[in-house]
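These notes concern the structure reproduced below.
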Amino acid sequence: SALLRQLETTARSGGARSVFVLPTRAADWFKQQGFVATTVEALPVTRKQIYNQQRNSQVLTKALG
């Protein structure tokens, strides 16, 4: 939880409006922290280009407010 809070603080200070995670496990924990499921299409272009379908990771995003 502390690491996630630090990530969000750092992202906000850098001007980010949202963050994403690509868990293969523990997706429920991230959802409890306010992340919502989305599609690969929601990823930034550079990350979408290297997304590995074989990893079978979920795409979760969280708006920073």
Side-chain angles (χ1 to χ4, degrees):
S1 293
L3 184 57
L4 180 58
R5 283 192 303 274
Q6 183 60 41
L7 164 77
E8 291 174 5
T9 300
T10 302
R12 275 188 205 95
S13 68
R17 292 181 288 179
S18 64
V19 292
F20 68 89
V21 293
L22 302 171
T24 57
R25 301 178 188 214
D28 289 339
W29 183 85
F30 284 104
K31 289 176 182 177
Q32 291 170 0
Q33 307 308 310
F35 284 81
V36 293
T38 188
T39 65
V40 174
E41 293 306 312
L43 293 172
V45 174
T46 54
R47 186 59 179 99
K48 193 181 337 179
Q49 291 172 343
I50 61 171
Y51 179 78
N52 183 350
Q53 294 281 348
Q54 294 176 338
R55 245 184 111 232
N56 199 28
S57 60
Q58 292 187 39
V59 180
L60 306 175
T61 62
K62 181 177 183 179
L64 301 174

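Numbers here are sequence positions counted from 1. The analysis underlying the following values was restricted to heavy atoms, covering all of them including side chains, and did not include hydrogens, waters or symmetry mates. Bear in mind that the values here come from a model prediction, so they are computed numbers and not experimental data.
- Contacts of R5 classified as side chain to side chain contact (heavy atoms under 4.5 Å, CB included), with partners at least two apart in sequence or in another chain: S1, A2.
- Annotation: salt bridge (Lys or Arg N to Asp or Glu O under 4.0 Å) contacts of K48 (sequence neighbours excluded): E41.
- With sequence neighbours excluded, the residues that form a side chain to side chain contact (heavy atoms under 4.5 Å, CB included) with T38 are A42, V59, T61.
- Pairing each heavy atom of A27 with each of Q58, the nearest pair is CB-NE2, 3.4 Å.
- Rounding to the nearest 0.5 Å places CD of Q33 at 11.5 Å from CG of D28.
- I50 belongs to no hydrophobic cluster, as no Ile, Leu, Val, Met, Phe, Trp or Tyr side chain comes under 4.5 Å of its own.
- Taking hydrophobic clusters as Ile, Leu, Val, Met, Phe, Trp and Tyr residues chained together by side-chain heavy-atom distances below 4.5 Å, V40 shares a cluster with F20.
- Listed by chain and residue number, R55, S57 satisfy the side chain to side chain contact (heavy atoms under 4.5 Å, CB included) test with T24 (two or more places apart in sequence, or in another chain).
- Nearest heavy atom pair, residue A63 against residue S18, reads CA-CB, 4.1 Å.
- By the 4.5 Å side-chain criterion applied to Ile, Leu, Val, Met, Phe, Trp and Tyr, V19 is assigned to a cluster that also includes L4, L7, V21, W29, F30, F35, L60, L64.
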